[in-house]
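Index from 1, following the sequence.
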Amino acid sequence: MDYISQANTNIAFRAKPIPLNVLNRTKSELLNNKVVNVDIYCHSSADEDTINSAKVFADWLTAKGKKVNICAPESEVKDLYINTKKYNFKHSNSIPDKSVVLDFNAEERLSDKYKDLFYKNKPENIIGYDHHTPTVSKLKGDFYVDDSAKSCCSILTRFFDGLGIKLPKEARKSLYCGMVSDYKKSGLLKLTSDNGIYKLTKTDKLLEDKNSLEVFDKLDSSLTKEEKNKIYKHLDPLSRLNHDEKLLRKRVFSQLQVSPNGKMAYVVIPPEDALWKKVGMDTPKTSEILKDLRVRVSEHSQNVSMLSDEQKNKMKDVDTVVAFYRKGDEYRMSIHSRSNSAIKLIDYIKENLNPNIIAGGHADRAGGKIDSVNEKDTMKFVNDFVKASEIL
């Protein structure tokens with residue numbers, strides 16, 4: 001894959017580009033002759049944004065003669081938009097010359113598989129690009145964080161454009177996939193399907209966000225309709241659910257509960273739930289099932305056909321939705337909030353109910369976990385959010 005260099009002064013984006021000194025510092029740090037081996041870290045529970053960011057960055061460095069390893073469990077990314085045979089996944093404990101962190105900046109988002117290895121790196125050898133608001137558990141290193149951006153792939157689009165690099169088609173497709181995936185999560189885009197024909201709609205939220213709109217249009221206009229449709233199909237796992245996954249989807253909607261004040265809806269999948277274990281627990285498909293529930297119910301519960309009339313009546317004032325579920329030996333939660341209360345809930349819990357909660361993200365969507373699947377611990381985890389929703 002060839003990365004073609006253009007004049008560095010040819011910066012197409014005028015809405016909040018990455019400062020040129022940041023770009024040049026990264027380029028100098030990674031492309032000098034002393035750097036041979038580079039590790040690229042994806043966050044735990046890898047998604048399309050982190051893995052597509054890693055792919056494109058890895059291709060760029062590989063084209064420059066670097067030996068690159070991606071730090072993400074292959075089992076987590078096998079259903080994502082990546083050919084795992086094309087890339088080297090880290091299996092050794094060798095310390096690289098440089099490490100690159102993409103799409104996260106907090107310690108809690110480090111994959112357990114690579115934590116020990118990561119902390120063997122010196123901070124001066126760590127570079128990061130991310131769009132999540134930094135927390136007190138921010139990783140040490142040279143991080144560029146733009147928390148106004150809506151995806152890491154959008155930041156990397158600016159990164160390469162700022163360096164005057166013309167991206168090849170495959171790289172643009174990858175960045176587009178990650179960007180559309182995260183824009184969907186943030187409600188900037190809506191992807192619908194009618195008998196296999198996909199339609200991507202820009203919401204008012206995106207049209208009002210000139211920064212995010214500009215980056216999206218840049219990539220969108222560079223791809224053909226056929227290329228984009230293949231990406232849309234990939235990003236629609238709900239169309240490929242098996243019988244058990246369809247049963248799970250129906251069940252999580254039917255089991256939605258509402259906080260006493262009617263502002264927060266939540267679904268609790270017990271840690272020992274048999275169906276959750278049967279479908280593989282946290283997978284790209286189950287993640288999409290829970291995300292679809294959170295987004296649709298938080299945006300407008302009255303339009304959700306999978307809810308009963310009784311549920312709709314109880315949820316008429318709901319603007320925040322939380323899903324609680326198990327992943328391995330952890331119990332997790334994911335929030336979507338139309339009222340931008342996700343971080344407020346987390347901060348209140350940290351300050352008043354559980355200072356050890358591991359959580360973070362954006363005002364409108366966030367995630368967190370506890371390192372336990374004990375029933376008593378998980379129920380406290382759930383009840384803390386219900387209590388916080390009553391206060392805020």
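The heavy-atom pair separating Cys42 from Ile51 by the smallest distance is SG-CD1, 3.9 Å.
No hydrogens or angles considered: nothing links the side chains of Asp384 and Tyr348 as a donor-acceptor pair under 3.5 Å. Under the 3.5 Å distance criterion, with hydrogens and angles disregarded, a donor-acceptor pair is assigned to the side chains of Ser45 and Lys327. Using a 3.5 Å distance cut-off with no hydrogens or angles, the side chains of Ser53 and Asp103 do not pair a donor with an acceptor. Donor-acceptor pairing under 3.5 Å is lacking for the side chains of Lys150 and Ser186. Residues Ser193 and Tyr232 have side chains that never bring a donor and an acceptor to within less than 3.5 angstrom of each other. Between the side chains of Tyr331 and Asp377, no donor N or O sits under 3.5 Å from an acceptor N or O. For the residue pair His362/Asp364, the side-chain donor-acceptor check at 3.5 Å is not satisfied. Side-chain atoms of Tyr266 and Ser389 include no donor-acceptor pair closer than 3.5 Å.
Here Thr286 contributes atom OG1 and Glu245 contributes atom CD; the two are 7.5 Å apart, rounded to the nearest 0.5 Å. Taken from CD in Glu208 to OG1 in Thr203, the straight-line distance is 8.0 Å, to the nearest 0.5 Å. Rounded to the nearest 0.5 Å, atoms CG (Leu275) and CZ (Arg251) are 5.0 Å apart. The CG atom of Asn354 sits 11.0 Å away from the CG atom of Asn352 when rounded to the nearest 0.5 Å. Rounded to the nearest 0.5 angstrom, Leu256 CG and Arg294 CZ are separated by 11.5 Å.
Only one option out of Tyr183, Phe159, Phe216 pairs with Ser154 in a side-chain contact (heavy atoms from CB on, under 4.5 Å); it is Tyr183. In summary, of the residues considered (Phe89, Phe104, Tyr119, Phe118), a ring pair (Phe, Tyr, Trp, His ring centres under 6.0 Å) with Tyr41 occurs for Phe118 alone. Of the candidates Lys228, Arg172, Lys202, Asp220 forms a salt bridge (Lys or Arg N to Asp or Glu O under 4.0 Å) with just one, namely Lys228.
Taking the six-membered ring where tryptophan is involved, the planes of His43 and His132 are perpendicular, since the angle between them exceeds 60° and thus also 30°. Between Phe160 and Phe57, the two ring planes are tilted [angle within 30° to 60°].
Leu191 is listed as a side-chain neighbour of Leu200, based on a closest heavy-atom distance under 4.5 Å. Two residues are said to be in side-chain contact when any heavy atoms from C-beta on lie closer than 4.5 Å; Ile18 and Thr26 fail this criterion. Phe253 has its side chain within reach of Arg296: a pair of non-hydrogen atoms, C-beta onward, lies under 4.5 Å apart. Counting heavy atoms from C-beta outward, Ser181 and Asp47 have side chains that stay 4.5 Å or more apart. Residues Asp329 and Asp371 are not in side-chain contact: their nearest non-hydrogen atoms beyond the backbone lie 4.5 Å or more apart.
Ion pairing of Asp194 with Lys199 is absent here, as no side-chain N (NZ or NE/NH1/NH2) approaches a carboxylate O to less than 4.0 Å. With respect to the salt-bridge test (charged N to carboxylate O, under 4.0 angstrom), the residues Asp292 and Arg249 qualify. Comment: Glu227 engages Lys169 in a salt bridge, judged by a side-chain N to carboxylate O separation of less than 4.0 angstrom. Ion pairing between Lys285 and Glu288 fails under the 4.0 Å rule for side-chain N and carboxylate O. A salt bridge is defined here as a Lys NZ or Arg NE, NH1 or NH2 lying under 4.0 Å from an Asp or Glu carboxylate O, and Asp236 with Lys184 fails to meet this definition. Look at Glu170 and Lys173 and you find a salt bridge, because one of the NZ, NE, NH1 or NH2 atoms lies within 4.0 Å of a carboxylate O, short of that distance. Using a 4.0 Å cut-off between charged side-chain N and carboxylate O, Lys314 and Glu310 make a salt bridge. In summary, Lys138 and Asp130 do not engage in a salt bridge, as defined by a charged side-chain N under 4.0 Å from a carboxylate O. Using a 4.0 Å cut-off between charged nitrogen and carboxylate oxygen, Asp347 and Lys350 do not count as a salt-bridge pair. Between Glu272 and Arg326 there is a salt bridge, with a side-chain nitrogen of the basic residue lying less than 4.0 Å from a carboxylate oxygen of the acidic one. One finds no salt bridge joining Lys113 and Glu74 here, because no Lys/Arg side-chain nitrogen approaches an Asp/Glu carboxylate oxygen to under 4.0 Å. A salt bridge is defined here as a Lys NZ or Arg NE, NH1 or NH2 lying under 4.0 Å from an Asp or Glu carboxylate O, and Asp182 with Lys185 meets this definition.
Around the NZ atom of Lys67, the shell of radius 6.0 Å holds no more than 12 heavy atoms that belong to other residues, nucleotides or ligands. A 6.0 Å sphere centred on NZ of Lys66 holds more than 12 heavy atoms belonging to other residues, nucleotides or ligands. Atom NZ of Lys115 sits in a crowded spot, with more than 12 heavy atoms from other residues, nucleotides or ligands closer than 6.0 Å. No more than 12 heavy-atom neighbours from other residues, nucleotides or ligands sit within 6.0 angstrom of NE2 on His243. Atom NZ of Lys387 sits in a sparse spot, with 12 or fewer heavy atoms from other residues, nucleotides or ligands closer than 6.0 Å. Few gaps surround CD on Glu124; more than 12 heavy atoms of other groups in view lie less than 6.0 Å from it. Around CG of Asn21, the count of heavy atoms belonging to other residues, nucleotides or ligands within 6.0 Å exceeds 12. Lys205 NZ: more than 12 foreign heavy atoms inside a 6.0 Å radius.
No single ILVMFWY cluster, assembled from side-chain heavy atoms under 4.5 Å apart, contains both Ile269 and Met333.
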